[in-house]
Amino acid sequence: MAKFFRAAVLGPPGSGKGTICKRIAHSFGLQYLSSGHFLREGIAADTEAGVLAKSYIERGMLVPDQVMTRLMLPKLEQLRNHSWLLDGFPRTLAQAQALNNLYQMDLVINLNIPYETLKERLSDRWIHPASGRVYNMGFNPPQVQGKDDVTGEPLIQHDDDKPEALMARLRHYKEVAKPVIDLYK
């Protein structure tokens, strides 16, 4: 029986998880699995979990653990015969425990980025909402200011990426991530 590689990259918002995961997945032939992608996919497909997730997102709330696991775990079950790398999941201890009930993780990488770097990255971050494409005005700007390179549609900056919300967001991340990081040490 073949051994499949299971890994995840953890890190605060703006740490570069998506960029790093894509590079690692490409270099090592892993399936790249983004929780953000699965959220958008579930919402677009109007799945039960997607509808629930959308109701939280529209109110500016975090998607609860039970909704995230209902979105992610079936996808992981479909990919049980593949090696994969997770981006953005698990974020909480409950999510990590649900994941561990299905799979033994081979590697979990925690990105530890200084606050000032995160603040700078997030304040320069703009997103294409429909696709999740991320631009950074400092090092990965769009070809046309404020427009997505692929569709030409407007880019947005999330309210929680703005400096005034950032401290609370990072504090919350530290609180929920610490038990997950401790679990995988």
### Task
Find the distance between CG (N110) and CG (L10) and round it off to the nearest 0.5 Å.
5.5 Å

### Task
Taking side chain to side chain contact (heavy atoms under 4.5 Å, CB included) as the test, write out the residues that go with E77, two or more places apart.
R80, L102, Y103

### Task
Sorted by first residue and then second, give each salt bridge (Lys or Arg N to Asp or Glu O under 4.0 Å) pair with at least one member in residues 81-96; sequence neighbours left out.
none

#### Entry: Set of residues satisfying salt bridge (Lys or Arg N to Asp or Glu O under 4.0 Å) with respect to R125, sequence neighbours excluded
D161

### Task
Name all pairs fulfilling the salt bridge (Lys or Arg N to Asp or Glu O under 4.0 Å) condition that reach into residues 129-154, sequence neighbours left out, sorted by first residue then second.
R133-D148

### Message
Would you say that L118 contacts S15 through its side chain, given a criterion of any heavy-atom pair below 4.5 Å between the two side chains?
### Response
yes

### Task
Could I get the full list of salt bridge (Lys or Arg N to Asp or Glu O under 4.0 Å) partners for E58, not counting sequence neighbours?
K54

### Query
Measuring from L107:CG to R6:CZ, what's the distance to the nearest 0.5 Å?
13.5 Å

### Message
Do F28 and L111 sit in one hydrophobic cluster, given that two such residues count as connected whenever their side-chain heavy atoms are within less than 4.5 Å of each other, even indirectly?
### Response
yes

### Task
Share the residues that join M137 in a hydrophobic cluster, the rule being Ile, Leu, Val, Met, Phe, Trp or Tyr side chains under 4.5 Å apart at the heavy-atom level.
W126, Y135, L155

### Task
Report the distance from atom CG of L85 to atom CD1 of I24, rounding to the nearest 0.5 Å.
5.5 Å

### Message
Does Y115, at its OH atom, have more than 12 non-hydrogen atoms belonging to other residues, nucleotides or ligands within less than 6.0 Å?
### Response
yes

### Message
Please check if the number of heavy atoms outside N112 that lie under 6.0 Å from its CG is greater than 12.
### Response
no

## Note on the structure
Between T69 and A98 the two heavy atoms that sit nearest each other are CG2-CB, 3.8 Å

### Task
Compare every heavy atom of L39 with every heavy atom of A53, then report the nearest pair and how far apart it is.
CB-CD2, 3.6 Å

#### Entry: Close side-chain approach of L33 and W84, heavy atoms under 4.5 Å
yes

### Message
Nearest 0.5 Å, please: how far is CD in Q95 from CD in Q66?
### Response
9.5 Å

### Task
Give the minimum heavy-atom separation between L99 and P90, together with the two atoms involved.
CD2-CD, 3.8 Å

### Qualifying salt bridge (Lys or Arg N to Asp or Glu O under 4.0 Å) pairs, either residue in residues 98-109, two or more places apart
K3-D106

### Message
Restricting to salt bridge (Lys or Arg N to Asp or Glu O under 4.0 Å), what partner residues turn up for K75, sequence neighbours left out?
### Response
E41

### same_hphob_cluster(V180, M105) at 4.5 Å side-chain heavy-atom cutoff
yes

### Task
May I ask you to test the N100-L183 pair for a side-chain heavy-atom distance under 4.5 Å?
yes

### Query
Taking the side chain as C-beta and beyond, is there a heavy-atom pair between L76 and F38 under 4.5 Å?
no

### Task
Check the hydrophobic clustering (I, L, V, M, F, W, Y; side-chain heavy atoms under 4.5 Å; chains of links allowed) and say if F89 and Y32 are grouped together.
no

### Task
Under the side chain to side chain contact (heavy atoms under 4.5 Å, CB included) rule, collect the residues that match up with P74, sequence neighbours excluded.
none

### Atom of G42, atom of L71 and distance for their closest heavy-atom approach
CA-CD2, 4.2 Å

### Task
Under the salt bridge (Lys or Arg N to Asp or Glu O under 4.0 Å) rule, collect the residues that match up with D182, sequence neighbours excluded.
K178, K185

#### Entry: ILVMFWY cluster, L86 and L79 together (side-chain gap under 4.5 Å)
yes

### Message
With a 6.0 Å cut-off (strictly less than), is the heavy-atom count around CD of Q157, excluding the residue itself, greater than 12?
### Response
yes

### Task
Could you tell me the separation between the SG atom of C21 and the CD1 atom of I109, rounded to the nearest 0.5 Å?
7.5 Å

### Message
Once salt bridge (Lys or Arg N to Asp or Glu O under 4.0 Å) is applied, what residue pairs with a partner in residues 8-27 remain, sequence neighbours excluded?
### Response
none

### Summary
Heavy atoms of N136 and R121 approach each other most closely as ND2-O, 3.2 Å

### Message
Taking I43 as the starting point, is it possible to reach I127 by hopping between hydrophobic residues whose side chains are less than 4.5 Å apart?
### Response
no

### Task
Name all residues meeting the side-chain hydrogen bond (donor to acceptor under 3.5 Å, both in side chains) criterion together with N140; count only those two or more places apart in sequence or in a different chain, and write none if there are none.
none

### Query
If you look at every heavy atom in M68 and S35, which pair is closest and at what distance?
CE-CB, 3.8 Å

